[in-house]
Amino acid sequence: MQVVIVGGGIVGCAGAYYLAERGADVVVCERSNIGAGSTERSAGGIRAQFSTPVNVALSQASAQVWEQFEEEFDTDIAYRRPGYLFLAREEATAEGFADAVAVQNERGVPSELLTPEEAQERCPGLRCEAFRAATYSPTDGFADPHLALQGFATGTRESGAEIRTGVEVTGVLREEDAVVGVETTGGRIEADFVVNAAGPWARRIAGMVGIDLPVVPERRQIVVVEPETPVPESVPMTIDLDTGSYFRPERDGAALVGGHFSSPASADPDAYDRTTDLDWTVEALEHAADCATYFGLDSRVRRGWAGLYAVTPDHHPIIEETVPGFVNAVGFSGHGFQHAPATGKLVAELVFEGSASLVDISGLDGARFEEERTVEEWNVA
Ligand SMILES: Cc1cc2nc3c(=O)[nH]c(=O)nc-3n(C[C@H](O)[C@H](O)[C@H](O)COP(=O)(O)OP(=O)(O)OC[C@H]3O[C@@H](n4cnc5c(N)ncnc54)[C@H](O)[C@@H]3O)c2cc1C
C-alpha cells in the first residue's frame, strides 16, 4: 500500500507512523520543515474535558498514547498533568458545565464540578469572587509539542517511512475517480492513498480534488510571562471561558498566557504576522490579572508568537475518506496537537480497513455542514 501524506505537522507524522507500523509504504511531503505549521506554535494542552462525546473519545484514544509515549518513542515530552480548570462567569456557561461534566463522567473521565472556592484550592491565586462555577479534571495537562513531534517523526523514520522536507504538493493526480498520486516540486509520486494533513492549508489541498472544505485559518497569540508572583507548577491550565483568556504554568514560575478576544478573521497561512500585537498582549495580561492574582503590574513579557488554528464551523475535525483514495484529517479547531495520536490511528484504519473502529467518527464527515448535522463543541479556548 503506497500512501502520500501532505503535511509534516503532528497529524501528518502521527498518521505516517501508524501507517508505516502496519506495513504501508509512506512518504510524507512537507513543503517547509516538519512542525513549521501550527504544531510548533501550540500551547501543548492535552485534556478530556470536552463537551461532545466524539471529542472526549478522541481524547481518550489519544491519552493511551500520551501516557505511554516516553516508553514507545523513547522520548521525554515533558508530559505533566496538573489538570485543566474551566471557569464560568455567566450563568449560561455554568449550566453548560454541568452538561459537559455529565458527558465526560459517562465516559469515565474523572472531571468534577467545583465551586469557585474549591477551584481556588487548585489555583491558589484565583480571584474566585469573579466566577460562578468551575470544572476540573486531574488527568488533563500538557506536553511539549516540539518534543512530541520529534518523537513521532523519529518513530516514523525508524518504521521505514520517508519524510521529504522542502517538497510541496502542487496537485493531486486522479484517474477516473480514484486518486493515483501527487505532483510535487520534487516530481511525481504514485500512491494508492493521499492524506490531507495540511493544517491551515487543508482547504487548498482539498481543492486539488474539487472539494471545498469549510476549514478557516484563524490567528491565535501566546506570550510567555514572568508574573509578578510566580505561578506554581501545580496550578492547572486555567481557562476563563467567558473572556476567552487562559494561562498555564511554565518552568520556574513563568506562565504561558493566551486567549482570543475579538471576532475571528480568516488569515492567509502564507502571509500572516507571526509576532504578537502590542494591543493583544496588553489585553491578554489584563484578562489574566482579572482571573488570578499572579499577574500584577510588575509582570514582564519574555517573548510571544502567533500561529494558526484551522477552524471548522462546529469546532470538530473532518476525518474521513472523502473521495476514493483521498483521506482528510483536518480542521482540528485548536485541538489537533492532543488529538493527533488517535487521528493517526484512525487514518491508518481508513486506509487499511476502509472504515474506523477506534472512535465512532461517523459524525466527522465533511458533508455534515451542508446537511446541517453539526454538533457544536463549547469548551473551546
Ligand atoms: C497559539 C496556538 C495554541 C494552540 N494550543 C493547542 C493546545 O493547547 N492543544 C492542542 O491540541 N492544540 C493546540 N493548538 C492547535 C494545534 O497546534 C494544531 O491543531 C495542530 O498543530 C495541527 O497539526 P497539523 O499537523 O494538522 O497541522 P500543521 O502543524 O499546521 O502542519 C501542516 C503542515 O502542512 C504543510 N503543508 C501545507 N501545504 C503543503 C503542501 N502543499 N505540500 C506539502 N506540505 C504542505 C505545512 O508546511 C505544515 O507544516 C494551538 C495552536 C495555536 C496556533
Side-chain angles (χ1 to χ4, degrees), residues 4-16 27-47 50 55 58-59 62 66 84 140-146 148-149 152-153 163-172 182-186 189 194-208 215 217-223 237 239 246 248 256-260 267 269-270 272 274 276 284 304-312 315 317-319 328-344 347 380-381:
V4 168
I5 297 187
V6 189
I10 192 127
V11 171
C13 288
V27 178
V28 178
C29 294
E30 166 52 54
R31 73 206 286 249
S32 178
N33 303 309
I34 63 162
S38 300
T39 299
E40 299 263 1
R41 310 194 146 253
S42 159
I46 296 172
R47 58 165 156 130
F50 284 97
N55 268 342
L58 287 169
S59 294
S62 296
W66 292 127
Y84 258 59
D140 293 345
F142 32 81
D144 185 314
H146 170 77
L149 179 64
F152 269 124
I163 300 177
R164 296 188 193 168
T165 54
V167 173
E168 181 169 349
V169 170
T170 51
V172 176
V182 291
E183 196 66 69
T184 79
T185 49
I189 309 173
V194 173
V195 179
N196 179 6
W201 292 265
R203 193 172 203 159
R204 189 178 300 169
I205 304 303
M208 293 176 183
V215 177
E218 289 181 11
R219 189 165 162 268
R220 294 288 190 277
Q221 305 175 60
I222 287 188
V223 278
M237 172 84 93
I239 300 179
Y246 66 85
R248 71 156 170 87
L256 212 62
V257 176
H260 184 61
D270 290 326
Y272 71 95
R274 291 173 175 235
T276 44
W305 63 89
L308 298 174
Y309 278 16
V311 179
T312 65
H315 297 104
I318 299 163
I319 308 174
N328 279 304
V330 302
F332 289 89
S333 307
H335 315 129
F337 168 69
Q338 61 197 289
H339 286 163
T343 304
V347 165
V380 177

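Just so you know, residue 1 is the first one in the sequence shown, and it goes up from there. In listed order, ligands and their atoms are each counted from 1.
The side chain to side chain contact (heavy atoms under 4.5 Å, CB included) check on Ser62 picks up Trp66, His339, Pro341, Ala342, with sequence neighbours excluded. For Glu168, there are no side-chain hydrogen bond (donor to acceptor under 3.5 Å, both in side chains) partners two or more places apart in sequence or in a different chain.
Annotation for ligand 1: atoms under 4.0 Å from non-hydrogen atoms of Trp201 are 37 (C), 38 (N), 46 (C), 48 (C). When each atom of ligand 1 is checked for a heavy atom of Gln338 under 4.0 Å away, the hits are 9 (N), 10 (C), 11 (O). Contact atoms of ligand 1 toward His335: 10 (C), 11 (O), 12 (N) (distance under 4.0 Å to a heavy atom of the residue). Within ligand 1, the atoms closer than 4.0 Å to a non-hydrogen atom of Ile205 are 41 (N), numbered from 1 in the order shown. Near Thr39, the atoms of ligand 1 lying under 4.0 angstrom from a non-hydrogen atom of the residue are 21 (O), 23 (O), 25 (O), 28 (P), 29 (O). Set against the non-hydrogen atoms of Val11, the atoms of ligand 1 under 4.0 Å away are 23 (O), 24 (P), 25 (O), 26 (O). Contact atoms of ligand 1 toward Pro200: 30 (O) (distance under 4.0 Å to a heavy atom of the residue). With ligand atoms numbered from 1 in the order given, ligand 1 contributes 1 (C), 2 (C), 3 (C), 52 (C) to contacts under 4.0 Å with heavy atoms of Arg41.
Within the 4.5 Å cutoff, no side-chain heavy atoms of Pro317 are placed close to those of Val11. Looking at Glu40 and Asn33, their side chains never come closer than 4.5 Å, going by heavy atoms from C-beta outward. Counting only heavy atoms from C-beta outward, the side chains of Pro200 and Asp270 never approach each other to under 4.5 Å.
Counting all heavy atoms, side chain and backbone alike, Met208 lies closest to Val172 at CB-CG2, 3.8 Å. Shown here for Ala43 and Ile222, the closest heavy-atom pair between the two residues is CB-CD1, 3.8 Å. A pairwise comparison of heavy atoms in Trp305 and Leu256 identifies CH2-CD1, 4.1 Å as the closest pair. The minimum heavy-atom distance between Leu308 and Ala267, with the atom names listed, is CD2-CB, 3.7 Å. Phe152 and Cys13 make their closest contact through CB-CB, 4.1 Å (heavy atoms, listed as atom of the first residue, atom of the second, distance).
Gly334 O, 3.1 Å is the protein heavy atom nearest to atom 13 (C) of ligand 1. Regarding atom 34 (O) of ligand 1, its nearest protein heavy-atom neighbour is Gly7 CA, 3.2 Å. For atom 42 (N) of ligand 1, the closest non-hydrogen atom on the protein side is Val169 N, 2.9 Å. Among all non-hydrogen protein atoms, the one lying nearest atom 7 (C) of ligand 1 is Gly45 N, 3.4 Å. Of all protein heavy atoms, the one closest to atom 28 (P) of ligand 1 is Ser38 N, 3.5 Å. Of the protein's non-hydrogen atoms, the one nearest atom 5 (N) of ligand 1 is Ala43 N, 3.0 Å. Distance from atom 27 (O) of ligand 1 to its nearest protein heavy atom, with residue and atom name: Gly199 CA, 3.5 Å. Considering only non-hydrogen protein atoms, atom 39 (C) of ligand 1 sits nearest to Arg31 CD, 3.4 Å.
Across Ile318, Thr312, Ile205, a single residue satisfies side chain to side chain contact (heavy atoms under 4.5 Å, CB included) together with Val330, and that is Ile318.
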Inset, instruction - Could you walk me through whether His335 and Phe50 pass ring pair (Phe, Tyr, Trp, His ring centres under 6.0 Å), step by step? - result: CA-CA 10 Å; His335 315 129; Phe50 284 97; 4.8 Å; yes
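Considering backbone and side-chain N/O atoms, Val6 never comes within less than 3.5 Å of an N/O atom of ligand 1. No N or O atom of Gly307 sits closer than 3.5 Å to an N or O atom of ligand 1. Considering backbone and side-chain atoms together, Ala329 places no N or O closer than 3.5 Å to any N or O of ligand 1. Between Met237 and ligand 1, not a single N/O pair is under 3.5 Å apart. Taking distance alone, with nitrogen or oxygen atoms compared against 3.5 Å, Glu30 approaches ligand 1 more closely than that limit.
In terms of modelled atom types and a separation under 3.5 Å, the side chain of Thr39 and the main chain of Ile10 share a donor-acceptor contact. Between the side chain of Arg41 and the backbone N or O of Ala306 there is at least one donor-acceptor pair closer than 3.5 Å. The backbone N or O of Asn196 lies less than 3.5 Å from no partner atom in the side chain of Asn328, so there is not a single donor-acceptor pair.
Within the 4.0 Å heavy-atom shell around ligand 1 one finds Gly44. The shell of residues lying under 4.0 angstrom from ligand 1, judged by heavy atoms, includes Val167.
Heavy-atom proximity to atom 17 (O) of ligand 1, evaluated over Ser42, Gly258, Ala381, Ala197, is greatest for Ser42.
Counting heavy atoms under 4.0 Å from ligand 1, residue Ile222 touches it through the side chain alone. Residue contacts with ligand 1 for Val330 are absent, since no atom lies close enough (heavy atoms, distance under 4.0 Å).
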